[in-house]
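These figures come from a predicted structure and were not determined experimentally.
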Amino acid sequence: MVTHNVILLVFEKPEGFTHKIGQAIELTLNTPQYRSQYAPFTLVSLPEEDQLKLIIKIYPKHHGLTEALSKINPKDSMIITSSWDSYEYQGKGCFIAAGSGITPFIPMFRDLNKNRQLKNHGLIYANRSVGDIILHEELTDQFKSHLHIILSEEKTTDFDYGIIDYNYLQSKVEGFGQHFYVCGPNAFMESVKKELLRSGAKKKNIQTGY
């Protein structure tokens with residue numbers, strides 16, 4: 001468990017499987033019930049790692065694949081597709097994520113940090129409450145003062161409160177000529193993209209995912 005409703009799933013890398021940072025796969029359980037119910041997830045493992053890793057948000061009320069994944073046993077098997085492009089790192093910029101939308105960026109952060117290239121990147125991260133923040137300690141260590149966490153349903157003295165709107169972007173983004181990587185629910189991505197364009201960001205520099 002990474003948070004109260006998010007799991008880290010680590011599994012065997014199939015022989016011959018390759019992927020790049022920012023790529024995703026579709027996955028399902030190898031059972032009659034779920035064999036045709038594929039869902040997309042971005043790999044958080046680095047290409048050189050021996051295992052594949054996913055960070056998955058669980059939706060128990062749906063009684064579907066994510067709930068089933070949270071209950072699997074070590075000997076259970078899954079079916080995955082080949083990797084396909086989701087996000088691609090294109091240069092220094094600001095990452096903007098909501099909830100589990102942080103997952104496509106995690107391998108980018110780790111790779112950039114490993115190569116000492118993460119400096120001067122920014123991260124704006126929206127969540128409902130403190131308990132929903134994924135990998136808070138790691139993100140703080142990576143971004144330090146360039147990490148801005150905003151909560152929409154819990155007020156604390158440690159984090160901002162509200163939503164990522166035009167005024168919030170104006171107060172946190174250090175220049176709109178850089179690259180922007182945006183991930184979260186569709187409505188979130190559309191809203192953030194609209195406000196970035198309003199702020200002067202170039203459409204070609206705003207990347208959203210699947």
Checklist entry - What distance separates C94 SG from N205 CG, expressed to the nearest 0.5 Å? => result 12.5 Å
Next on the checklist: The test is side-chain contact (heavy atoms from CB on, under 4.5 Å); show your working for R35 and N30 and say whether it passes.
Outcome noted: CA-CA 5 Å; R35 202 166 285 146; N30 188 20; 3.1 Å; yes
Item to check | Working for side-chain contact (heavy atoms from CB on, under 4.5 Å), residues F11 and I72 | outcome: CA-CA 11 Å; F11 55 100; I72 59 175; over 6 Å; no
Next on the checklist: Between K114 and E48, does any NZ, NE, NH1 or NH2 come within less than 4.0 Å of an OD or OE carboxylate oxygen?
Outcome noted: yes
Checklist entry - In chain order, what residues pass the side-chain hydrogen bond (donor to acceptor under 3.5 Å, both in side chains) check against E67, with sequence neighbours excluded? => result H63
Checklist entry - Nearest heavy-atom pair of L54 and T42: which atoms, and what distance? => result CD2-O, 3.5 Å
Item to check | Member of V182, I206, I96 meeting the side chain to side chain contact (heavy atoms under 4.5 Å, CB included) criterion with M189 | outcome: V182
Checklist entry - More than 12 foreign heavy atoms under 6.0 Å from CG of N115: is that the case here? => result yes
Checklist outcome for this item: Taken to the nearest 0.5 Å, the spacing of I124 CD1 from I150 CD1 works out to 9.0 Å
Checklist entry - Just by modelled atom types, is the S45 backbone N or O under 3.5 Å from a matching donor or acceptor in the H19 side chain? => result yes
Checklist entry - What do you reckon, is NZ of K204 surrounded by more than 12 foreign heavy atoms closer than 6.0 Å? => result no
Next on the checklist: Using the rule given for side-chain contact (heavy atoms from CB on, under 4.5 Å), can you reason through Q178 versus V173, listing the C-alpha separation, both sets of side-chain angles and the distance that settles it, and then say yes or no?
Outcome noted: CA-CA 10 Å; Q178 59 186 315; V173 174; 3.6 Å; yes
Item to check | Any donor-acceptor N/O pair, S199 side chain to A201 backbone, under 3.5 Å | outcome: no
Checklist entry - K20 versus D85: any side-chain heavy-atom pair under 4.5 Å? => result yes
Checklist entry - Hey, is CD on Q170 packed in by over 12 heavy atoms from elsewhere, all under 6.0 Å? => result yes
Next on the checklist: I want to check something: taking the side chain as every heavy atom from C-beta on, are I79 and Y38 in contact at a cut-off of under 4.5 Å?
Outcome noted: yes
Item to check | Close side-chain approach of Y89 and Q207, heavy atoms under 4.5 Å | outcome: no
Next on the checklist: Between L9 and M78, is there a side-chain heavy-atom distance shorter than 4.5 Å?
Outcome noted: yes
Checklist outcome for this item: The residue among E195, K194, K193 that forms side chain to side chain contact (heavy atoms under 4.5 Å, CB included) with L197 is K193
Checklist entry - Which pair of non-hydrogen atoms, one from T81 and one from F17, has the smallest distance, and what is that distance? => result O-CE1, 3.7 Å
Next on the checklist: So, taking the atom named OG1 in T140 and the one named CD1 in I149, what distance separates them when rounded to the nearest 0.5 Å?
Outcome noted: 5.5 Å
Item to check | Reported NZ-to-CG distance for the pair K92 and L112, which is rounded to 0.5 angstrom | outcome: 12.0 Å
Next on the checklist: Give me the atom names and distance for the closest heavy-atom approach of E12 to L52.
Outcome noted: O-CD1, 4.5 Å
Checklist entry - If you round to the nearest 0.5 Å, how far is CD1 of I80 from OG1 of T28? => result 12.0 Å
Checklist entry - If you count the non-hydrogen atoms of other residues, nucleotides and ligands that lie under 6.0 Å from NZ in K13, is the total more than 12? => result yes
Next on the checklist: Using side-chain contact (heavy atoms from CB on, under 4.5 Å), reason through I163 and Y168 one step at a time and then give a plain yes or no.
Outcome noted: CA-CA 8 Å; I163 61 172; Y168 192 78; over 6 Å; no
Next on the checklist: Suppose we call two aromatic rings close when their centres sit under 6.0 Å apart. Are Y181 and H121 close by that rule?
Outcome noted: no
Checklist outcome for this item: Only one of F180, F105, Y87 passes ring-ring contact (aromatic ring centres under 6.0 Å, His included) with F95, and that residue is F105
Checklist outcome for this item: Heavy-atom nearest pair, L151 first then F159, reads CD1-CD1, 3.9 Å
Checklist outcome for this item: Hits for ring-ring contact (aromatic ring centres under 6.0 Å, His included) against Y161, two or more places apart or cross-chain, chain-then-number order -> none
Item to check | The single option from N127, L8, L139, V2 passing side chain to side chain contact (heavy atoms under 4.5 Å, CB included) against I134 | outcome: V2
Checklist entry - Is there a side-chain contact between K172 and I164 (heavy atoms, below 4.5 Å)? => result no
Item to check | Side chain proximity check, I56 to S70, heavy atoms < 4.5 angstrom | outcome: no
Next on the checklist: When you measure from the side chain of T66 to the backbone of Y59, do you find a donor-acceptor pair of N or O atoms at a distance under 3.5 Å?
Outcome noted: yes
Checklist entry - Between the side chain of E154 and the main-chain N/O of V130, is any donor-acceptor distance below 3.5 Å? => result yes
Item to check | Salt bridge present between E138 and R110 (N-O < 4.0 angstrom) | outcome: yes
Next on the checklist: Can you confirm whether more than 12 heavy atoms, excluding those of R128, are under 6.0 Å from its CZ atom?
Outcome noted: no
Checklist entry - Do C183 and I102 have side chains that get closer than 4.5 Å, going by heavy atoms? => result no
Checklist entry - For the residue pair L43 and P107, what are the closest heavy atoms and their distance? => result O-CG, 3.5 Å
Next on the checklist: Taking the side chain as everything from C-beta on, heavy atoms only, tell me whether Y125 gets closer than 4.5 Å to H136.
Outcome noted: no
Checklist entry - Rounded to the nearest 0.5 Å, how far apart are CG of L69 and CD1 of I58? => result 6.5 Å
Item to check | Considering all heavy atoms, the nearest Q23-S83 contact | outcome: OE1-OG, 3.0 Å
